[in-house]
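These figures come from a predicted structure and were not determined experimentally.
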Amino acid sequence: YKLNKGVQCMGMSSYILDNVDLFFEIGDKKIEETNWTGNVQADFSAFRKAMQEHTNLLSGSEYGEDVEQAIYQVWSDNI
């Protein structure tokens, strides 16, 4: 359970953090493997749609409360 935002008790915290890492790794790989059009709005929309199927990996984390922010974070880390 959460003590406060971003701080979790032992146990599930490692599992949750591993899943968040996996979400970001999937996003990084998706960005590397995709041939982008150069239209930032269209490319982000396609990336966002592809990442929606992985948002369950964010459950229990601070990103789970705002999956759109997590998707944007992966995108912005790679551009």
Side-chain angles (χ1 to χ4, degrees):
Y1 62 93
K2 290 185 177 184
L3 295 174
N4 58 40
K5 188 170 185 162
V7 177
Q8 301 189 6
C9 292
M10 295 290 287
M12 291 298 287
S13 63
S14 177
Y15 174 76
I16 291 168
L17 294 175
D18 288 347
N19 280 343
V20 170
D21 287 344
L22 181 57
F23 177 85
F24 277 81
E25 289 170 15
I26 290 168
D28 292 343
K29 189 172 183 178
K30 179 72 176 166
I31 288 172
E32 290 174 13
E33 294 175 345
T34 302
N35 293 321
W36 302 106
T37 67
N39 178 324
V40 176
Q41 186 174 3
D43 289 345
F44 178 72
S45 180
F47 175 72
R48 182 184 167 279
K49 184 176 180 179
M51 291 304 292
Q52 286 293 322
E53 68 184 81
H54 304 290
T55 57
N56 62 313
L57 293 169
L58 301 172
S59 294
S61 75
E62 63 185 285
Y63 292 109
E65 297 173 17
D66 189 357
V67 297
E68 294 298 324
Q69 179 60 36
I71 292 170
Y72 180 75
Q73 183 68 46
V74 176
W75 176 262
S76 64
D77 286 351
N78 283 279
I79 57 170

*How many angstroms lie between atom CG of L58 and atom CG of L22, to the nearest 0.5 angstrom?*
10.0 Å

Would you give me the side-chain donor-acceptor pairs under 3.5 Å for residues 35-42, sequence neighbours excluded?
unit_1 : atom_1 : unit_2 : atom_2 : d
W36    : NE1    : I31    : O      : 3.1
W36    : NE1    : T34    : O      : 3.4
T37    : OG1    : N39    : N      : 3.1
T37    : OG1    : D43    : OD1    : 2.8
N39    : OD1    : Q41    : N      : 3.1
N39    : OD1    : A42    : N      : 3.0

Side chains of residues 71-79: which donor-acceptor partners sit under 3.5 Å, not counting sequence neighbours?
unit_1 : atom_1 : unit_2 : atom_2 : d
Q73    : NE2    : D77    : OD1    : 2.7
Q73    : NE2    : D77    : OD2    : 3.4
S76    : OG     : Y72    : O      : 3.1
S76    : OG     : Q73    : O      : 3.2
N78    : ND2    : D28    : OD1    : 2.8
N78    : ND2    : V74    : O      : 2.8

Listing, residues 47-57 side-chain donor-acceptor contacts under 3.5 Å, not counting sequence neighbours, or none:
unit_1 : atom_1 : unit_2 : atom_2 : d
R48    : NE     : E68    : OE1    : 2.8
R48    : NE     : E68    : OE2    : 3.4
R48    : NH2    : E68    : OE2    : 3.0
Q52    : NE2    : E68    : OE2    : 3.2
T55    : OG1    : Q52    : O      : 3.0

